[in-house]
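Each remark here refers to the structure printed beneath this line.
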Amino acid sequence: MGNMPKKKTLTARRVLTLVLAYITLCVGGGVATSVFLLPAVLGANSVAKAVIPSLTVEGIDFDVTSLPQRSTFYYNDGKTEFADFYTQNREVVPLKKISKAMQQAVVAREDKRFFDHSGVDVQGVLRAFVQTYLKGGDQQGGSTLTQQYVKNVLATQAREDDDPISEYHASEDTIARKLREMLIAVQIEKKYSKAEILQGYLNIAQFGRNSLCGVEMAAKRYFNVSAADLNVVQAATIAAITKNPQNFDPSVEANQEEAEHQRNIVLKLMYDQGFISSEKEYKEAVNTPLKDTLNIQDVSSGCQAAANNTGFFCSYVVNQILKNKAFGKDSEAREKLLKEGGLKIVTTLDQNANDAAMKAANDTIPADDPTGFEVMIAAIKPGTGEILAFGINRTYDATDDAKNDETKTSMNYMVDEEDGGGMGFNVGSTWKPINLVAWMQQGHSINESLTTSTSYAMSKFSCNDYYFTGRAWSVQNSGGGTTSPETPLQGLIRSHNTTQASMASTIGLCAIADAAKEMGYHNATANATDIYSANSFQPPMTIGTVQASPLTMANVYATLGANGVECTPIAITKVTDRSGSDVKVPSANCHQAISSEIAQTTAYALNQGVVVSGGEAATTQLDNGRKTFAKTGTNENTVMTTAGFVPNQVAAFVAVADAQDPIHNTFDYKTINGVYHSNWYGMYIATPAWKEFMNTYLAAINAPIDNDYGQPAAQYTTTKKSSGQQKEQTQTQTQEQEQQTQQDTNQQQEDQ
């Protein structure tokens, strides 16, 4: 037993001696000659034989651009970043974008004969052999920078292939592994130039904790500069880290004393090797305190680290990528592409809109308000489908901290359940413009006089193959009762529920459901998205008893604000991969969903609700006399809403509720952000959030004021006399007649 260590040492010496002979021949006489001696080398050790590759680099991709790279999300300007994703935090850059000082520092530290050897430094190997096996000192590596590049590539490829055994063998401390590196390094030197190899090493090496890879990200992390701008001191700091990325990482305060010591070692090597030209420059460098040079930046990845309150939008984009086949055959492949594909993802997120939405939500109800109510905002650009922003009075947090802190969440309540949101909200009277669209689509005028009631037989709503039975639907306006007769226009202006029921009983519920779908509506619940689902397709849907996400309702209003053009909401406009090629992105599929005449007439009716005395949307009027198209809503005492648009600029929807428990945590007798009401309505709490967002955003983008939109079409405003003679009545005349008979004492209250 006592002779075992000696026997192992002799075997190691024997193998290493043969390796040295083989490598010497490789370097001196070329691989073609030395290959004839390969069997003798292999015969020296059966373990080595199992890992010796063929003398090619086939099957191993040493192209620097194929390395795993971080993917980046950009605002809609295509320039400003707000989130990164990676398994290895790397941004590949060409050698010309890495400072000369950085190139010299890593050569001085890792391989001073880099420009002289052919992949294997025979002097270095001999030195390591003598030190380790003849003098009995600490084990010496003798690895060239090329060999280290090979080692890193093999380990990276093993991780990419999800092959932990190969990854272990790529880094294990054995002669067999060294031999393999040497043989491949020689071939690499024949295939690539020194500049290409140096470029590859600087992009693949680990320069810090948490998989911080590549010199570009190291430069940004430690000094907030690009690799092209690294000076001698900064370069030496980074070059020193690779020996021990965990313990020499200078961003860790406990490491800084040793990191400075290691930096100074690199500076001395650079001075000795002529990369630092004067003793004065050298002394100034080593006497510079490390702490004084650092400018540590947060390079955390994912939506958790997304900048400027963009975490909720970020999570939505991720969800769109993971469920889209354009990004891979399955979710696993798509996630790998996101984290390693070096994608440049330009999103639709408008920084001004996002800032305005988050501020409006938190101004309306602070996150720590005792009521626990959420303020949720979604905004879309009409005619494009581009999602401009999400706002909520919460901090995005996907960690366990959110479980015990109601001010934090990772749930994006602004979107559908399948996109990472909740089950949606009852939208109240913000649904009513959909009824008006359906009414006109069936050939009716908004000035047609309707008899209304507080009770409707269920059979009156039957349509196509859908039949409704059971007890009559009892419905009334806010404060009770009904106004009869009343026109659909006045029913929208006053937000009367009974008029909606009368319209639906006349045209059938299917017409309203079809109009909703055409305008971009669907339910938020994952297992019942179709409006015809039993949980939504009931007569009360006409007053908003559906489960919808704020994003979907914003899109419905965007259709009204785009002359009837409906688009599928999109969050991504452009994606390029690491080669610069475009990746197909989901289309908004914009199309004419409802006629422009109907869209304009509906917009006209919405504006009348703002400008007419007693109109329920009067509180929504925007700044600077901007023509306002909006609707408020209340779902009993559980959800408060407001929706509206500025044509071709922005459509937004606001919902206020306890998103976790809206049934039990109601608005009755609540003090919210210091204001008390016994009965709350959408105009009291959702409208201020909507107005603040709209006014702030429109001012930030200097949106022009165009008050020409919302011109009613004659065919939808003309009524017929009982004698059959046609007479076109202007809307002003209709308003005067209705106002004379209107006796609703709750004109300033939103219907439920």
Determine whether the aromatic ring centres of Tyr316 and Phe390 lie less than 6.0 Å apart. yes
Among all residues two or more places apart in sequence or in another chain, which pass the side chain to side chain donor-acceptor pair (under 3.5 Å) test with Asp229? Ser226
Kindly write out the residues that satisfy side chain to side chain donor-acceptor pair (under 3.5 Å) with Asp369, not counting sequence neighbours, or none if the list is empty. Thr371
According to side chain to side chain donor-acceptor pair (under 3.5 Å), does anything in residues 318-329 pair up with another residue at least two apart or in another chain? List the pairs. Gln320-Asp419, Lys323-Asp419
Can you run down the disulfide (SG to SG under 2.5 Å) pairs that involve residues 312-352, sequence neighbours left out, and say none if there aren't any? Cys303-Cys314
Looking at [Y] and [X], is there a salt bridge between them, counting it only when a charged N and a carboxylate O are closer than 4.0 Å?
X	Y	value
Glu253	Lys291	yes
Lys220	Glu91	yes
Glu335	Lys339	yes
Glu81	Arg70	yes

Please enumerate all residues that pass salt bridge (charged side-chain N to carboxylate O under 4.0 Å, His left out) together with Glu518, with sequence neighbours excluded. none
Only counting residues at least two apart or in another chain, list the ones meeting salt bridge (charged side-chain N to carboxylate O under 4.0 Å, His left out) with Asp355. none
Would you find a donor on one side and an acceptor on the other, under 3.5 Å apart, between the side chain of Asp416 and the backbone of Glu418? no
Side chain to side chain contact (heavy atoms under 4.5 Å, CB included) between Asn665 and Lys670, worked out: CA-CA 10 Å; Asn665 188 14; Lys670 284 287 197 311; 3.4 Å; yes
